[in-house]
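Reviewing the structure listed below.
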Amino acid sequence: MTALASRRRETPHPHVVRVVAGVFSEGGEYATWRERGTSDWLLIHTVAGSGRVAGPTGTVLTGAGDTVLLRPHQRHDYGTAATSWSLAYAHFHPRAEWSPLLEWPAQAGGVGVVHTQGEVRPRILASLRACARSSAGSLPQSELFAMNALETALLWLDTQNPLRGRMDERLMRVVEHIGADLAGDLGVATLARIATLSPSRLTHLFTATLGMPPQQYVERERLTRAAHLLASTDRAVGEIARDVGWDDPLYFSRRFSGLHGLSPTAYRRERSASAGRGDRRDV
């Protein structure tokens with residue numbers, strides 16, 4: 001430890017069972033120092049102003065939309081870089097399945113950094129604010145709500161992670177629209193207007209990014225949603241078909257059988273039998 005480090009006052013460690021989160025603003029004097037970090041992960045998202053996060057070989061300067069990630073037991077040496085810093089943060093112990101979401105590009109010798117832009121920023125901030133509200137809540141489920149909100153933020157950050165393949169914002173708008181309105185008009189012309197692209201350009205970009213053209217993706221999403229409704233409800237097949245965008249139940253049944261290898265009725269019967277045997281691998 002250097003002489004300077006030995007004179008610095010250690011910032012208290014938070015007690016983290018699953019997640020502790022918050023949103024706040026500080027002036028130019030704000031600084032945190034934890035020589036050995038904490039046993040949890042720490043995510044810091046800059047809302048406004050500028051922050052600095054020191055790593056073993058340099059310092060990362062953050063601006064609005066930048067997010068940093070510090071691993072367990074990694075030194076905490078961060079604070080306001082100029083006159084003010086507004087930030088959202090989360091100390092957390094990740095779920096096991098989050099591992100791919102925590103593989104970030106590293107700067108300054110180990111500080112994970114993801115730069116976000118455009119329409120993704122408010123989504124990340126909204127999720128982190130929801131995480132902060134829930135982590136301070138008193139309901140028995142509050143901590144689980146907070147973890148779910150944090151997972152949403154990590155998923156949005158993952159769309160901006162260059163190690164994972166950054167998705168074009170125009171495609172994200174299209175994918176979100178499809179998921180929110182499966183029963184609506186999801187033709188290429190409609191989707192192209194949402195993306196502000198020509199139909200041919202949308203089809204090319206969509207296929208290159210997602211591995212299939214828009215209409216194939218739409219059909220897959222509709223049939224996947226239908227399978228979930230068949231397995232989890234007792235609604236009529238024709239009603240489910242309309243809910244996912246098909247007015248003709250017979251055509252829906254043919255397309256469903258083509259993807260799942262069973263008719264809708266047979267699929268429901270098999271899933272019901274599997275549930276009766278205690279086979280819940282789909283949960």
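If you're wondering where the values come from, they're calculated on a predicted model, not measured in any experiment.
Electrostatic pairing of D77 and R52 counts as a salt bridge here, judged by a charged N lying under 4.0 Å from a carboxylate O.
Checking side-chain atoms of T152 against main-chain N and O of N148 turns up a donor-acceptor pair under 3.5 Å. A donor-acceptor distance shorter than 3.5 angstrom exists from the side chain of R268 to the backbone of T233, with no hydrogens or angles considered. Side-chain atoms of D158 do not come within 3.5 Å of backbone N or O of Q160 as any donor-acceptor pair.
Of all non-hydrogen atoms in S134 and S142, the two that sit nearest each other are O-CB, 3.1 Å. Of all non-hydrogen atoms in G110 and P56, the two that sit nearest each other are N-CD, 4.5 Å. Closest heavy-atom contact between R121 and G65: NE-CA, 3.6 Å. In terms of heavy-atom proximity, E103 sits nearest to L163 at O-CD1, 3.8 Å. Residue V23 comes nearest to Y89 through the heavy atom pair N-CE2, 4.4 Å, listed as atom of the first residue, atom of the second, then distance.
A continuous path of hydrophobic side-chain contacts links Y30 to V68 [ILVMFWY only; heavy atoms under 4.5 Å]. The hydrophobic cluster containing L197 also contains Y217, counting ILVMFWY residues as joined when their side-chain heavy atoms lie under 4.5 angstrom apart, directly or transitively. Taking hydrophobic clusters as Ile, Leu, Val, Met, Phe, Trp and Tyr residues chained together by side-chain heavy-atom distances below 4.5 Å, L102 shares a cluster with L157.
Not counting sequence neighbours, the partners of R123 by the side chain to side chain contact (heavy atoms under 4.5 Å, CB included) test are E119, W156, E176. Looking at residues two or more places apart in sequence or on another chain, you find a side chain to side chain contact (heavy atoms under 4.5 Å, CB included) between L259 and L223. Residues satisfying the side chain to side chain contact (heavy atoms under 4.5 Å, CB included) criterion with S198, sequence neighbours excluded, are S200, R201.
For the pair R18 and M147, the minimum side-chain heavy-atom distance is below 4.5 Å. Within the 4.5 Å cutoff, the side chain of V53 has no heavy atoms near those of the Q107 side chain. Inter-residue side-chain proximity for V175 and F206 is flagged as met; some heavy-atom pair is nearer than 4.5 Å. Side-chain contact between E35 and W33 is present, with at least one heavy-atom pair separated by less than 4.5 Å. Inter-residue side-chain proximity for I124 and T116 is flagged as met; some heavy-atom pair is nearer than 4.5 Å. No side-chain heavy atom of S253 sits less than 4.5 Å from a side-chain heavy atom of S263. Considering only heavy atoms from C-beta on, L150 stays 4.5 Å or farther from S127 through its side chain. Looking at heavy atoms from C-beta onward, P264 lies in side-chain contact with F252 at the 4.5 angstrom threshold.
Taking NE2 from H73 and OG from S39, the interatomic distance works out to 5.5 Å, rounded to the nearest 0.5 Å. Taking CZ from F92 and SG from C131, the interatomic distance works out to 9.5 Å, rounded to the nearest 0.5 Å. Annotation: the span from R220 atom CZ to M212 atom CE amounts to 4.0 Å, rounded to 0.5 Å. H76 contributes atom NE2, which lies 8.0 Å from atom NE2 of H13 (distance to the nearest 0.5 angstrom). Interatomic distance, R173 CZ to D168 CG, rounded to the nearest 0.5 Å: 8.0 Å. The distance from the CG atom of L202 to the CZ atom of R170 is 9.5 Å, given to the nearest 0.5 Å.
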Hey, can you pull the donor-acceptor pairs under 3.5 Å for the side chains in residues 40-49, sequence neighbours left out?
{"residue": "D40", "atom": "OD1", "partner": "T38", "partner atom": "OG1", "Å": "3.0"}
{"residue": "D40", "atom": "OD1", "partner": "H91", "partner atom": "ND1", "Å": "2.8"}
{"residue": "D40", "atom": "OD2", "partner": "T38", "partner atom": "OG1", "Å": "3.3"}
{"residue": "H45", "atom": "ND1", "partner": "T67", "partner atom": "OG1", "Å": "2.7"}
{"residue": "T46", "atom": "OG1", "partner": "T62", "partner atom": "OG1", "Å": "2.7"}
{"residue": "T46", "atom": "OG1", "partner": "W85", "partner atom": "NE1", "Å": "3.0"}

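Other residues, nucleotides and ligands place no more than 12 heavy atoms under 6.0 Å from the NE2 atom of H204. Counting non-hydrogen atoms of other residues, nucleotides and ligands closer than 6.0 Å to CZ of R129 gives a total of 12 or fewer. For F145, the CZ atom counts as loosely surrounded, since its 6.0 Å shell holds 12 or fewer non-hydrogen atoms of other residues, nucleotides or ligands. Open room surrounds CD on E29; 12 or fewer heavy atoms of other groups in view lie less than 6.0 Å from it.
Ring geometry for Y267 against F256 counts as perpendicular: the plane angle is over 60°, on a 0 to 90° scale with 30° as the lower cut.
Among residues at least two apart or in separate chains, there is no side-chain hydrogen bond (donor to acceptor under 3.5 Å, both in side chains) pair with a member in residues 221-232.
Among T190, L171, T203, I178, the single residue meeting the side chain to side chain contact (heavy atoms under 4.5 Å, CB included) criterion with P214 is T203.
Y78 and T80 are not linked by any side-chain donor-acceptor pair at a separation below 3.5 angstrom, with hydrogens and angles left out of the test.
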- request: Could you walk me through whether E219 and R255 pass the salt bridge (charged side-chain N to carboxylate O under 4.0 Å, His left out) test, one step at a time?
  value: CA-CA 8 Å; E219 179 168 296; R255 302 309 299 167; 2.7 Å; yes
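Taking Ile, Leu, Val, Met, Phe, Trp and Tyr as members and joining any whose side-chain heavy atoms lie under 4.5 Å apart, directly or through other members, L61 forms no hydrophobic cluster with any other residue.
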